[in-house]
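Notes for the one structure printed next.
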Protein chains: 2
Amino acid sequence: MVRTTAVRADRKATILSDNARDFTALTRVRAVEPRLPPGNAEGTELHILLESMRLFAHHGYSATSVRHIATAVGIKAPSLYEYFPSKEHILARIVLIGHRDLLAAMENALADCGPDPVSQVRALVRTHVLSHVTYPLLAIVTNDELHHLSPDRAAEALALRERTELIAIEVGRRGVEQGVFEGSELAVTTAAIASMGVRAPYWFVPTPDYGTTDLADSFAELAIRMLKPS
Amino acid sequence: MVRTTAVRADRKATILSDNARDFTALTRVRAVEPRLPPGNAEGTELHILLESMRLFAHHGYSATSVRHIATAVGIKAPSLYEYFPSKEHILARIVLIGHRDLLAAMENALADCGPDPVSQVRALVRTHVLSHVTYPLLAIVTNDELHHLSPDRAAEALALRERTELIAIEVGRRGVEQGVFEGSELAVTTAAIASMGVRAPYWFVPTPDYGTTDLADSFAELAIRMLKPS
DNA sequence: GTCTATAGACGGATAGAC
DNA sequence: GTCTATCCGTCTATAGAC
């Protein structure tokens with residue numbers, strides 16, 4: 001392929017849209033107010049986490065520079081280093097919050113629930129979906145940007161993820177034991193149910209007529225249909 | 001109900017095939033041989049597309065440099081520009097291939113199918129899942145890296161995506177009309193079914209006992225259960 | 001705690017030899 | 001069609017003034 005002057009113009013357009021990308025760039029998710037579960041930070045530190053989460057969710061970790069974050073917060077880049085020792089530490093913190101929040105929510109849901117596997121699946125799926133669509137930017141960063149962490153820094157989050165998975169697996173296993181759920185496809189069905197919640201932050205927009213709890217109820221119902229023998 | 005984990009998959013293989021990149025990096029997906037649907041390119045051009053797709057899938061578009069791509073191909077960076085005018089053009093090409101392949105497969109599936117909405121959903125879901133797990137790296141780049149394209153270059157792919165979605169919506173609508181599917185939650189259920197296939201490339205590993213067609217069959221069965229009134 | 005200035009590596013892309 | 005050499009901008013992070 002031959003190089004032409006059009007290539008140069010092309011690059012210029014790219015640079016321009018990078019500098020002003022909030023106006024022209026595509027994003028992975030609709031614009032929503034960035035929120036984090038309460039109790040995780042406050043003041044400028046919280047502000048940095050919120051804007052980082054928003055930028056990471058929309059453009060990805062690698063495409064987001066510390067200058068972008070600083071500008072969004074309203075400070076200069078070196079000031080960020082008063083709060084976090086590196087850009088990777090910011091991501092690590094967000095990813096950890098996301099995994100902790102989901103695990104705690106799942107554990108609480110199961111604790112507030114009877115021993116019936118059907119009720120337990122309903123509670124877990126509802127909680128899983130609600131967690132993802134209540135904090136959509138957090139869910140997206142937690143799932144999609146984790147791999148930018150060094151293995152050391154990812155390890156803690158991955159351990160939490162494993163515990164969350166175990167909760168789901170154990171409930172499914174007990175349902176099969178009791179003859180309520182189909183056993184032959186349990187692993188695949190569990191993965192399918194998880195996928196529904198994981199993808200929800202990318203497309204779901206709550207409306208007055210159909211909010212986050214409605215989606216959670218619908219998905220819980222779907223999960224039961226998927227698990228029961230037909 | 002779980003965020004599926006493909007992060008730790010086969011790290012040694014990833015290291016070896018990743019050409020001196022930071023050899024501790026996590027990846028989003030297990031290491032698999034990069035493949036594209038036939039007929040899209042050949043020779044060095046194909047080689048560039050394959051290695052770019054692999055690197056974009058594992059590390060993301062922004063974290064992959066033209067030097068990484070060139071090294072993986074076995075040439076120097078400036079030589080890439082004989083084949084593609086920019087890094088973004090490489091991504092655009094991959095994303096377009098991904099969207100074209102899925103749309104063509106869905107159209108063919110529907111064409112080879114009777115008018116019964118249940119058979120049609122089975123065929124469409126089977127095809128959707130098969131397309132995603134047959135070309136997992138292509139599916140991941142197509143879905144997750146699209147937003148790095150300028151709106152102009154993304155437009156063609158997004159138009160194809162819309163046509164693919166319309167096929168699914170139309171089949172669902174006809175099923176509701178005929179009283180076979182539940183109408184009240186059709187949009188949400190359709191999104192949930194699509195999510196199952198979209199996430200599959202991240203976690204599914206075919207084995208001799210349970211291959212890609214087995215997953216496609218299982219997911220098709222799940223989709224029918226989800227759509228039918230209970 | 002915030003700034004300006006800057007180090008030093010790396011980014012995409014181009015020129016021009018062969 | 002592949003290379004070496006290079007441009008120039010951006011990157012993360014640090015030094016040091018206030």
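The chains referred to below are lettered A, B, ... by the order of the sequence lines, with proteins before strands, and numbering in each begins at 1.
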Paired with B:Val141, the side chain to side chain contact (heavy atoms under 4.5 Å, CB included) test is passed by just one of B:Leu55, B:Leu146, B:Leu91, B:Ile97, namely B:Leu91
- Task: Establish, with yes or no, whether the OP1 or OP2 oxygen of C:dG12 is under 4.0 angstrom from a side-chain nitrogen or oxygen of B:Lys87.
- Result: yes
Open item on the list: Is A:Ser65 close enough to D:dT10 that one of its side-chain N or O atoms is under 4.0 Å from OP1 or OP2 there?
Closed with: no
Could you tell me whether the phosphate oxygens of C:dC3, OP1 or OP2, come under 4.0 Å of any side-chain nitrogen or oxygen in A:Ser79? yes
Between CD1 of B:Ile90 and C1' of C:dG12 the distance, given in whole Å, is 11 Å
side-chain contact (heavy atoms from CB on, under 4.5 Å) filter on A:Asn108, not counting sequence neighbours, yields none
B:His68 NE2 to C:dC10 C1', in whole Å, measures 9 Å
Here the distance between atom P of D:dC11 and atom NE2 of A:His59, to the nearest Å, is 13 Å
Between the protein and nucleotides 14-18 of chain D, are there any N/O to N/O pairs under 3.5 Å, and if so, what are the atom names and distances?
none

By nearest-nucleotide position on DNA chain C, the 5'-leaning member of B:Ser62 and A:Ile75 is A:Ile75
In whole angstroms, the gap separating P of C:dA13 from NE2 of B:His89 amounts to 9 Å
Review point. So does A:Arg163 have more than 12 non-hydrogen atoms from other groups sitting under 6.0 Å from CZ?
Key: no
Atom CD of B:Glu88 and atom C1' of C:dA13 are separated, to the nearest Å, by 14 Å
Against the side chain of B:Thr44, the closest entry in C:dT4, C:dA13, D:dT2 is D:dT2
From NE2 of B:His148 across to C1' of C:dG12 the rounded distance in Å is 16 Å
Original post:
Are the aromatic rings of B:His148 and B:Tyr61 close, with centres under 6.0 Å apart?
Top reply: yes
Nearest heavy-atom contact between B:Arg30 and B:Pro136 is NH2-CG, 4.5 Å
Here the distance between atom P of C:dT4 and atom CG of A:Leu80, to the nearest Å, is 14 Å
Contacts of A:Thr71 meeting side-chain contact (heavy atoms from CB on, under 4.5 Å) (sequence neighbours excluded), chain-then-number -> none
Looking only at D:dG1, C:dG12, D:dT4, the nucleotide nearest the B:Arg67 side chain is C:dG12
From CG of A:Leu55 across to P of D:dT12 the rounded distance in Å is 12 Å
Is the CG atom of B:Asp152 crowded by more than 12 outside heavy atoms at less than 6.0 Å?
no
Out of D:dT12, C:dT2, D:dT2, minimum distance to the side chain of B:Glu82 belongs to D:dT2
